[in-house]
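To keep things clear, I will list the structure first and then write my remarks on it.
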Amino acid sequence: MSTTVETSSPLLEGLNPQQLEAVLYRGPALLIVAGAGSGKTSVLTRRIAGLLESREAWPSQILAITFTNKAASEMRDRVTRLVGRAAEGMWISTFHSACVRILRREAEQFGYSKNFTIYDSGDSRALIKRILKDLEADVLGFTVSTASAKISKLKNELTDVETYARQANFQDPNEVMFVEIFRRYSRALSSANAFDFDDLIAQTVYLFRAFPHVAALYQKRFRHILVDEYQDTNHAQYALIRELTKEPAELEPGLLAATEAASLTVVGDSDQSIYAFRGADIRNIVEFERDFAGAKVVLLEQNYRSTQNILTAANSVISNNFDRKDKKLWTADGDGEKIVGYTGYSGHDEAQFVADEIATLHEKGMAYHDIAVFYRTNSQTRALEEILIRSAVPYKIVGGTKFYERAEIKDAMAYLIAVANPADTLAVRRILNTPKRGIGPATETLLATYAEKQEITFRDSLRHAAELGLGPKVTAAITALSDLLDEATAVAARLPTAPGDGVPEVLSLLIAQSGYLDALRASRDPQDEARAENVEELVAVTKEFQRNNPEGALVDFLTEVSLVAAVDDLDDSSGTVSLMTLHTAKGLEFEAVFLTGVEEDLLPHRMSAGEPGGPAEERRLFYVGITRARKRLFLSLAMTRAQYGDVSVAMPSRYLQEIPAELIDWRQSPGMATSRGGTQPRALNARRDGYGGAYSVPNAPPKPKTEWANRVTNQVRDNGDLMLQAGDRIRHTDFGDGRVSGVTGEGPKRIAEVQFDTAGRKRLLIKVAPIEKIG
DNA sequence: ATCGCTCGGGTTTTT
DNA sequence: CCCGAGCGAT
């Protein structure tokens with residue numbers, strides 16, 4: 001064994017002994033327990049590159065599964081950098097994308113057609129909503145969210161309706177109703193030639209189990225399967241991996257010797273398991289060694305990302321979870337700076353702290369894209385956004401209300417789906433009266449009933465509008481829509497080869513001829529202008545798609561859109577701060593991280609308190625957040641938090657006490673902020689002088705809104721084109737008086753740098769800052 | 001059929 | 001606070 005030869009390979013350069021072992025080990029099963037920041041992507045990509053370089057595997061024999069499309073393309077890029085074009089032909093994708101690829105190929109085997117639609121959770125909910133209404137299930141206490149959660153959970157456990165019905169307790173009216181809901185939902189999906197997210201995995205497993213010769217195809221093809229983020233796999237995903245790593249059945253006796261099972265490499269860290277709510281089963285990783293006999297386990301503990309202070313904080317937090325294998329991250333790179341803590345009086349005050357610190361970091365040379373702000377719930381973005389806008393900090397929300405969830409985009413997509421998959425009744429119904437064509441619910445029901453009686457699809461019932469005895473206007477409207485869909489179908493049928501007939505052309509035809517775009521443009525609702533722009537943006541997206549996939553057909557575009565994850569549109573080269581939930585942050589890293597809202601009922605979230613394992617999972621979420629930071633970590637919270645219109649008192653998170661006190665430099669600690677008359681926060685200095693505040697007035701009537709007299713308010717104004725120049729004195733609602741030291745930027749983006757008398761130096765977006773010029 | 005109003009309910013994380 | 005459902009007016 002010549003280790004010298006091996007270690008001299010550029011593929012193995014700079015690896016520590018454990019990493020080296022993880023790259024070089026060969027065998028049926030390998031578990032890499034990779035702590036946060038331990039270089040697992042590097043190990044994974046070099047392992048793949050090694051297999052290719054040594055000719056142990058062809059690219060087409062490798063299947064690598066990642067959690068997001070972004071991670072997939074990153075991995076592909078990195079492998080390409082190591083081995084060049086040999087990287088082409090590998091399957092590197094998410095579970096969902098890989099399954100869609102398989103299902104489209106094999107759909108005809110089991111009663112679907114390859115142009116099936118993928119329903120996102122919004123679509124599923126809409127369908128379930130309709131079913132609940134038809135069944136009047138609300139009287140039994142069913143809601144869309146309870147029903148869809150239960151169905152999703154069952155699918156993730158590979159339990160289909162019939163299996164479930166077999167063991168259901170039919171004495172219980174609730175159970176009877178649920179079976180009916182589940183049954184109707186499943187039927188609606190299959191008659192619409194559609195799969196929901198959970199189906200994509202589950203149906204692939206069913207397919208493999210029902211058709212061994214299909215399974216054998218993939219079992220033989222994939223010789224090396226690698227799965228990232230294994231701690232977040234659910235049962236269905238686990239089952240899929242099991243199917244793929246079985247020995248292929250011998251189907252043609254005597255022709256070929258049986259191929260042995262594919263080799264499996266999984267990478268994960270049970271301390272970063274944060275998707276139990278979605279069915280992720282931590283046992284998949286914990287019991288890996290038992291599941292795959294003879295599995296090798298490699299532990300990566302050395303961290304190459306964060307400072308020791310950050311790692312020590314992370315270690316001590318996570319050590320409070322019992323039932324875990326002890327694992328301690330360490331770095332050889334030194335302690336680094338202390339963690340900075342801040343307690344605001346309100347969410348806005350906290351946001352102001354974030355904005356100020358970002359401005360300071362940026363001044364010292366840190367790029368905006370190296371900074372991220374995390375939060376537990378999406379609703380926390382409101383205050384952050386308001387303050388960041390006012391402070392002229394460029395930011396981008398990663399995820400949140402996504403582009404593809406907007407109503408106008410769903411409308412436009414429904415037009416495309418109606419063309420690609422006419423069986424998809426939900427899509428056809430959605431566009432039936434969008435834009436308004438005078439086709440109301442009565443007409444819709446008539447069409448649906450007709451379709452049922454004639455045993456044709458809803459789409460085809462539109463062709464028979466004339467036979468329904470409707471008014472001439474309505475009949476003409478239905479026929480026009482039907483003809484338009486036919487025309488678009490004809491264009492789409494010429495895809496992908498015909499030049500000038502691409503997805504953009506199909507979409508443009510639909511939104512123009514249907515009058516959808518014109519209706520938005522003609523509307524007097526000012527928001528419709530933005531909606532029209534969004535639809536045009538979608539056309540731009542299709543153009544981009546066609547440029548990248550000249551052969552791409554309509555279904556390919558629809559698939560791509562269905563499977564984008566929140567994090568996928570994170571642009572590393574953008575000059576903006578990234579805002580995202582803690583869940584979205586998994587797998588990412590930043591120079592500086594702001595972890596906001598570290599409060600009881602938020603982190604841990606109050607909804608998790610009841611769930612078994614809830615608080616432990618929330619702790620892992622906190623741990624994930626901490627370990628995203630390379631150099632600087634900021635933890636912040638607020639004493640009061642606005643929710644649903646009113647304000648409630650917030651308490652510091654229990655997790656804060658789990659960090660050794662000496663690691664945190666509290667700019668304002670929870671203790672300081674609660675002791676009245678204690679150290680005053682910067683944002684509060686401005687107008688405190690000679691003014692005791694609400695507390696010092698005996699028997700004062702309760703004035704909750706003014707309890708913190710100088711709290712940062714959430715008011716935003718429009719100053720129009722207020723002219724300011726260096727030297728001007730201004731007054732700010734929150735920060736008091738100050739002097740303008742400079743103005744930069746153009747038009748609505750003009751920014752004033754202001755030296756406040758008491759609140760320090762700040763950058764303000766002139767257009768929206770609550771300021772006025774004073775003598 | 002459509003518009004605009006009021007009322008009430010729900011509030012975690014997401015491929 | 002934000003939404004969708006339901007209802008009455010046009």
Given B:dT15, is OP1 or OP2 found less than 4.0 Å from the side-chain N or O atoms of A:N69? no
Main chain of A:R430, side chain of A:T434: is a donor-acceptor contact present, judged purely on distance under 3.5 Å? yes
Between the side chain of A:N156 and the main-chain N/O of A:G279, is any donor-acceptor distance below 3.5 Å? no
Under 4.0 Å, heavy atoms only, any strand: does A:R382 hit a base, just the sugar-phosphate, or nothing? sugar-phosphate
Going by side-chain contact (heavy atoms from CB on, under 4.5 Å), name the residues that satisfy it together with A:A36, two or more places apart in sequence or in a different chain. A:Q272, A:R305, A:L329, A:T627, A:R628
Just how far, in rounded Å, is C1' of B:dT14 from CZ of A:R278? 5 Å
Kindly write out the residues that satisfy side-chain contact (heavy atoms from CB on, under 4.5 Å) with A:V561, not counting sequence neighbours, or none if the list is empty. A:Y404, A:M413, A:F557
Check for me: is A:F277 stacked on B:dT13 by the 5.5 Å centroid and 30° plane-angle rule? yes
Heteroatom pairs (N/O) under 3.5 angstrom, protein to nucleotides 5-10 of chain C:
from, atom 1, to, atom 2, distance (Å)
C:dA5, OP1, A:K129, NZ, 2.2

Rounded distance (nearest 0.5 Å) linking atom CZ of A:R101 with atom OG1 of A:T559: 11.5 Å
When rounded to whole Å, the CG to C1' distance for the pair A:D601 and B:dT13 reads 16 Å
Given B:dT14, is OP1 or OP2 found less than 4.0 Å from the side-chain N or O atoms of A:T584? yes
Aromatic contact between A:Y275 and A:F67, with the criterion being ring centroids under 6.0 Å apart: yes or no? yes
Rounded to the nearest Å, what distance is computed from the CZ atom of residue A:R606 to the P atom of nucleotide B:dT13? 12 Å
Please write out the pairs of protein N or O atoms and N or O atoms of nucleotides 1-8 of chain B separated by less than 3.5 Å, giving the distance to one decimal.
from, atom 1, to, atom 2, distance (Å)
B:dA1, OP1, A:G440, N, 3.1
B:dT2, OP1, A:G438, N, 3.2
B:dT2, OP2, A:N433, ND2, 3.1
B:dG4, OP1, A:R524, NH2, 2.6

Quick one: A:L588 CG to B:dT14 P, roughly how many Å, whole number? 13 Å
note: A:K155, atom NZ; B:dT15, atom P; distance rounded to Å ~ 18 Å
Run the salt bridge (Lys or Arg N to Asp or Glu O under 4.0 Å) test against A:E157 and tell me which residues pass, sequence neighbours left out. A:K153
To the nearest angstrom, how far is A:N156 atom CG from B:dT13 atom C1'? 15 Å
Taking CD1 from A:I274 and C1' from B:dT14, how many angstroms apart are they, rounded to a whole number? 10 Å
Roughly how many Å is it from CG in A:L621 to P in B:dT14, rounded to a whole number? 10 Å
Only one of A:R324, A:R619, A:R620, A:K586 clears salt bridge (charged side-chain N to carboxylate O under 4.0 Å, His left out) with A:D271; which? A:R324
Applying side-chain contact (heavy atoms from CB on, under 4.5 Å), name anything that partners A:R606, two or more places apart in sequence or on another chain. A:D601, A:Q643
Would you please confirm or rule out a distance under 4.0 Å between OP1 or OP2 of B:dT12 and any side-chain N or O of A:S379? no
